[in-house]
Amino acid sequence: MPVDFSGTWNLVSNDNFEGYMTALGIDFATRKIAKMLKPQKVIKQDGDSFSIHTTSTFRDYMLQFKIGEEFEEDNKGLDNRKCKSLVTWDNDKLICVQAGEKKNRGWTHWLEGDDLHLELRCENQVCKQVFKRA
Ligand code: VL7
């Protein structure tokens, strides 16, 4: 049985989100608001099809993809840059490469105990987020 990320998840820790946002070129005022947020993720996993809806009191972001199928990602409401994104499995980890203007951009999701982990990467910055089931 493959790992199942489905569920509703609340952010409990957010390490170096500031560095990650700075690498993405997010302006100071937006960073100050964004780093106070406690976003929630609603993940729906159906075979190789995923939707990840990240919501907060400030901005929402919806992502839908299929494993192994490259797609155009617009990052609307985030840094608004377009990427060619591809999500693949690495054992039980979900790995996204976001090819575009920013080097080394992507993220990795995995489960550890009852927690959902997310590493967000851009250039030389790594943000580490942990979520617990709502
Ligand atoms: C999504 C934020 C910083 C702008 C607002 C912050 C609003 C809530 O891509 C992400 O998750 C993946 C993996 O789960 C699925 O899309 C992370 C948050 C990245 C980047 C940009 C700051 C303004 C946060 C939407």
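Note that these values count all heavy atoms, side chains included, but never hydrogens, waters or copies made by symmetry. One-based numbering, in listed order, for ligands and for the atoms of each. Values in this document were obtained by computation on a predicted structure and should not be read as measured data.
- The shortest side-chain heavy-atom distance between N75 and Q98 falls under the 4.5 Å cut-off.
- When only non-hydrogen protein atoms are considered, atom 4 (C) of ligand 1 lies nearest to I26 CD1, 3.6 Å.
- Atoms of ligand 1 lying under 4.0 Å from at least one heavy atom of W107, given by number and element, are 12 (C), 13 (C).
- For the pair R81 and E101, the salt-bridge criterion is met [side-chain N within less than 4.0 Å of a carboxylate O].
- Only the side chain of H109 comes within 4.0 Å of ligand 1, counting heavy atoms alone; its backbone N, CA, C and O stay farther away.
- A heavy-atom distance below 4.5 Å is found between the side chains of L116 and L111.
- Of the protein's non-hydrogen atoms, the one nearest atom 11 (O) of ligand 1 is K41 NZ, 3.1 Å.
- L120 CD2, 3.9 Å is the protein heavy atom nearest to atom 17 (C) of ligand 1.
- No hydrogens or angles considered: a donor-acceptor pair under 3.5 Å links the side chains of D27 and T30.
- In terms of protein heavy-atom proximity, atom 15 (C) of ligand 1 is nearest to L63 CD2, 3.7 Å.
- When side chains are defined from C-beta on, F131 does not count as touching V12, because their heavy atoms never get closer than 4.5 Å.
- Protein heavy atom at the shortest distance from atom 1 (C) of ligand 1 is L78 CD1, 4.1 Å.
- Every atom of ligand 1 is numbered from 1 in the order shown, and the set under 4.0 Å from a heavy atom of I52 is 14 (O), 15 (C).
- If you check which protein heavy atom lies closest to atom 6 (C) of ligand 1, you get A34 CB, 3.8 Å.
- Under 4.0 Å is where a charged nitrogen must lie from a carboxylate oxygen, and between K103 and E123 no such pair does.
- Comparing heavy-atom distances from atom 20 (C) of ligand 1 across F131, Y20, F58 singles out Y20 as nearest.
- The residues K76 and D74 are annotated as not salt-bridged, no charged nitrogen and carboxylate oxygen being separated by less than 4.0 angstrom.
- Using modelled atom types, one finds a donor on one side chain and an acceptor on the other under 3.5 Å when comparing T54 with K41.
- Looking only at heavy atoms of the protein, atom 25 (C) of ligand 1 is closest to R59 O, 3.6 Å.
- The hydrophobic clustering, which links ILVMFWY residues whose side-chain heavy atoms are closer than 4.5 Å, places V130 and F17 apart.
- No N or O atom of T54 sits closer than 3.5 Å to an N or O atom of ligand 1.
- Regarding atom 3 (C) of ligand 1, its nearest protein heavy-atom neighbour is M21 CG, 3.7 Å.
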